[in-house]
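Here is the structure we will look at, set down as structure tokens.
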Amino acid sequence: MPAVGTSKERNRLLSIRNIHKSFGINQVLKGINMELGEGEVLSLIGGNGAGKSTLMKIIMGIYQPDEGEISINGQEIHLTRPSVALAHGIYMVPQEPMLFPNMTVEENIIIGFEEKPAELHKRLLEQMKEVGWHMDLNRKASSLSIAEQQLVEILRGLLRQAKILILDEPTSALTFDEAESLFTCVNDLRSKGIGIIYITHRLTEVFEISTSVAIMRDGVITLSGQVSEFTKEALVKGLLPADSDKEKAGREESAHTIDYSSEPVLELRDFSGFGFNHISLKLYPGEILGVAGVVGAGRTELATTIFGRDKVLGGSVILDGKDITGFSTRKVMEAGLNYVPEDRHLHGLFKIADVAVNTTSALLSEKIMGKFLLNRKKEKEVTQKYIDDFRIKVTGQSQLTGSLSGGNQQKIVIGRSLSTSPRVVILDEPTRGIDAGARGDVYAIIHQLRKQGVSVLLISSDMEEIVELSDRVVSVFQGRINGEFQKDEINQDTLMAAAFDVKTRNEVGA
């Protein structure tokens, strides 16, 4: 296959030829060819395990290829370490924030520069003004939300004025307005001749921001060309695995009928906590209730307070007719409610522990533990069940969880929550940062939960996801519910307007 990109030789910033990389007997990259030209935005999409991360680490000098060559501005360069890549104008903005928690925002951004702090401060303010982002530079990084941490990482890259910029899922935790500001910034960078490799799982972004696109699968680029040559449907077909009918079947189950005359399995009555106020809602057996809103609306705070992690300031939580307000997390789980957190790396995984430990850690009770010793047989049975049911790709139960792809890690987090046989599961951004194939698997899991009578409170910033999965939706704005939508009312336009508390034309006329 020809190299990705159509740039003429004199405009070519990056050229990748026949790159191979193996780890032991596992062949990860099998002859990658790629080009990136001045002012080009190349969207790179593909499933977890396709080799995208390995390729990016080779470009950044973190890994060394077994075979092949990389040229920058027409000159072959041996990227032996990250400092060499940085010196040649390559910068990668990682998907998962990598900040020093006890340092300020500004200290995190300017670390590693040789310029005087006053000059850097001036340039940073100018850069923030240019992209339209407002942030207190004196805040500690530990106090930032995921979205704010992502902005800091992006500003790090922009301040370095790289000629080759790698953006790894940059909008995964951004609000609509923040994402639009990023797109404006990307277009400005393009006009300055900067080449951008844009890794994303959001296909709508491919058509909005990219000039070219490439699909990676199983260590090779299987489809590439100018964005104008493709439709969204063509890219979806190229991305999904052969058994993608499972996702389609999941969508067809959306006609599932909810008995709203029954008693709710979960009810919030005038519930208040840090970040939200006076929330009242009901969740019915087998229902998927979507919670829409932008980052910072108070949805995650609502979930963690229900789950017993944060202090209740008012109101009550009723689960199966029992008041569980203010219960500890352990007591909430015992009562029949579990939670899959937004940040699986910070709150969801023991990355240096194996798959079995992560899958069964919520069951450290009489189900798994004896009086003194761990019941290894039961642990293996439970772990294997979720490996099989969720199609988790592992070499074995003893594989370290941190070595798995993002999608497989997310399946383990969900499996652990379900291992307690809950009546209600709160899913907070369940597909953040995972690929289309794994996303389809997670959707199928959610539909299967509903079929089994489990009720799901689905928190997501992805409006497409809310529309596709939800039986009913409530929207949250500035810590309060400002709208409720039945199945026939659920669409992206309506939910987006509600998320920003914008009245539609029909509502204004009424």
Tyr198 and Phe183 aromatic ring geometry - parallel, tilted or perpendicular at 30°/60° bounds: tilted
Asp323 and Ser316: CA distance, side-chain angles, deciding distance, side chain to side chain donor-acceptor pair (under 3.5 Å) verdict: CA-CA 7 Å; Asp323 191 335; Ser316 55; 4.9 Å; no
Please confirm whether the backbone N or O of [Y] pairs with a side-chain atom of [X], one donor and one acceptor, at under 3.5 Å?
X: Arg299; Y: Ser460; value: yes
X: Thr305; Y: Glu301; value: yes
X: Asp270; Y: Gly315; value: no
X: Lys487; Y: Ser470; value: yes
X: Arg217; Y: Thr222; value: no
X: Ser455; Y: Tyr284; value: yes

Min side-chain heavy-atom separation Val41-Ser210 under 4.5 Å: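 Sidechains of Ser210 and Val41: in contact.
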Check: Val105 and Leu155 side chains under 4.5 Å, non-hydrogen atoms: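 Leu155 does not reach Val105 side chain to side chain.
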Ring-face cation of Lys21 near Phe23 (centre distance under 6.0 Å, axis angle within 45°):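 Yes, Lys21 and Phe23 form such a contact.
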Nearest-0.5 Å distance that lies between atom CG in Leu29 and atom NZ in Lys57: 11.5 Å
Spatial distance of atom CG (Asn482) from atom OG (Ser475) [nearest 0.5 Å]: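 Taking CG in Asn482 and OG in Ser475, the distance rounds to 3.5 Å.
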Test: Glu484 and Lys282 ion pair at under 4.0 Å: no
Test: Lys52 and Asp168 ion pair at under 4.0 Å: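 A salt bridge is absent here (no side-chain N lies under 4.0 Å from a carboxylate O).
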More than 12 heavy atoms from other groups under 6.0 Å of CD on Glu489: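 Yes, because the 6.0 Å sphere around CD of Glu489 holds more than 12 heavy atoms from other groups.
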Residue pair Ile59, Ile197: steps toward the side chain to side chain contact (heavy atoms under 4.5 Å, CB included) verdict: CA-CA 11 Å; Ile59 295 173; Ile197 299 175; 4.1 Å; yes
Summary of ring pair (Phe, Tyr, Trp, His ring centres under 6.0 Å) pairs that have at least one residue in residues 296-330, sequence neighbours excluded: Phe307-Tyr339
Phe276 ring center near Phe271 ring center (under 6.0 Å):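 That pair passes the under 6.0 Å test.
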Worked verdict on Val186 versus Leu167 for side chain to side chain contact (heavy atoms under 4.5 Å, CB included): CA-CA 10 Å; Val186 168; Leu167 301 181; 4.1 Å; yes
Worked check of side chain to side chain contact (heavy atoms under 4.5 Å, CB included) between Met135 and Val152: CA-CA 9 Å; Met135 186 178 297; Val152 172; 3.7 Å; yes
